[in-house]
Amino acid sequence: MEKSMKQRYGELSVRNKNHFMKIVLLIVLVFSFNTVTAAENGPPLTHKLTKLKQQLPAPALRLKNMDDEVVDIKDLKGKVVVVNFWATWCPPCRREMSSLERLHLATKEKNVVLLAVNVGEDMDTVFPFLGMISPSPSFPILFDTDTETAKQWQVKGLPTTYIVSPEGKIVYRAIGGREFDHPAIQDAVIKLTK
Amino acid sequence: MHNSITTLTVGLMMSFSSYAGMHQTMDVDSDTGITSWKIKAHGVSFSLTQILPEQSRAFYVNRGFTLQQSEAFASSCVYMTVMRNDNAPGTIHFKRSNWSVSINNKPHQLKSVAQWIDTLKKQKVKMPALIAFRWAQFPPEQEYEVGGDWNQGMLSIGLPAGSYFDLKVRWDIDGKEYETTLRGVKCAQ
């Protein structure tokens with residue numbers, strides 16, 4: 001799945017004119033939003049995860065990825081799953097995206113899977129956005145186009161991230177952007193695998 | 001990404017020292033004139049940053065609104081709102097419906113996200129655009145744990161350009177109520 005996604009990213013420069021126009025529009029949009037956020041860069045991103053007192057089973061999550069394949073969290077039992085709900089227009093989501101990729105690179109060989117669930121957008125919006133992120137995400141991007149999954153997971157604002165144990169229970173939650181490549185978060189995630 | 005924009009923030013500012021533990025500041029972006037108001041109280045930080053009507057229009061037109069459909073919200077005195085639990089005595093919980101706006105001590109009713117969505121549905125805004133609208137708003141209700149839970153989203157005050165107002169923000173911790181007030185906030189022109 002990852003190889004296929006990388007191939008698609010590699011094709012970015014030769015995609016059709018339509019995609020090029022979307023990138024231009026997205027840059028305009030991002031610039032517009034950055035003008036807003038320039039005066040309000042947002043609070044510094046921390047690395048604190050909330051350990052939930054009541055660790056309930058993770059709700060259902062069965063969504064299509066960028067290759068139009070269904071990913072079901074039920075099939076990931078036995079692995080630690082980091083579930084990040086995000087959108088391209090959300091400034092803190094953009095701020096934390098690179099650190100999520102670094103967390104993914106640091107943990108993917110350690111029985112950890114990262115799923116980034118895009119809320120309410122489509123492939124045409126998300127694809128050009130990913131090309132603007134450095135390092136570009138190589139973890140699966142899933143599409144919650146009707147936002148029903150976000151509602152089931154009780155997401156009230158973006159970004160929101162959950163860390164699910166190998167037994168399928170939500171152990172940690174983070175509301176708002178974080179530095180996911182911070183050693184404290186990496187350690188907490190890896191510790192769950194043991 | 002934020003570093004791509006040079007921001008020179010003029011740090012002027014208004015201090016309301018009569019409010020113990022509360023400190024309000026106002027920053028003006030020297031390039032754009034966009035103004036932010038920030039306050040810290042009871043371990044919670046809160047800020048409003050003006051979103052110019054043209055920025056709001058551009059955002060929603062890019063999400064599927066027509067220019068006409070975007071107009072009512074874009075011209076309703078919109079702010080980028082940030083609230084964060086830095087070091088409050090516990091988990092904070094808020095409902096936006098408990099917040100209040102006043103102009104010269106006279107109350108002004110805030111329009112809820114649900115009311116905005118009803119208005120936009122009557123204007124036949126398409127579902128993907130409505131979804132984008134809903135999620136771009138500051139959450140109507142939320143809980144933040146100590147140590148950095150936060151959100152950033154849009155808040156419409158529903159006043160004409162250039163209006164001045166005070167915003168009282170309320171939250172609770174295990175039922176105990178807390179509040180802080182941002183004073184002298186101005187709608188972008």
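The sequence lines fix the lettering, A, B, ..., with proteins before strands; numbering per chain opens at 1.
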Q) Taking the hydrophobic residues Ile, Leu, Val, Met, Phe, Trp and Tyr, and joining any pair whose side-chain heavy atoms are under 4.5 Å apart, which ones share a cluster with B:L67? A)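 So far as hydrophobic clustering goes, B:L67 is joined with B:V61.
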Closest-packed option against chain A by number of heavy-atom pairs under 4.5 Å, given [options]:
| options | result |
| --- | --- |
| B:P140, B:S45, B:P139 | B:P139 |
| B:D149, B:D86, B:N85 | B:D149 |
| B:G153, B:A136, B:G64 | B:A136 |

Q. Ignoring hydrogens and geometry, is there a side-chain-to-backbone donor-acceptor pair from B:E143 to B:H93 under 3.5 Å?
A. no
Q. Taking every heavy-atom pair that is under 4.5 Å apart, which of A:C90, A:A87, A:G177, A:G120 has the most such pairs with chain B?
A.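 Most heavy-atom pairs within the cutoff with chain B belong to A:G177.
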(Q) If I measure from the heavy atoms of chain B, does A:T145 come under 4.5 Å with its side chain, its backbone, both, or neither? (A) backbone
Q: Name the region of A:D146, side chain, backbone, both or neither, that has any atom closer than 4.5 Å to a heavy atom of chain B.
A: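 Just its backbone gets close to chain B.
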Q.
Quick check: B:F59 with B:F65 (ring centres under 6.0 Å apart)?
A. no
**Q.** Intermediate values then yes/no, salt bridge (Lys or Arg N to Asp or Glu O under 4.0 Å), A:E121 and B:R63
**A.** CA-CA 9 Å; A:E121 298 179 296; B:R63 313 316 313 171; 2.4 Å; yes
Q. Do any pairs count as a disulfide (SG to SG under 2.5 Å) and have a residue in residues 147-194 of chain A, sequence neighbours left out, and if so which ones?
A. none
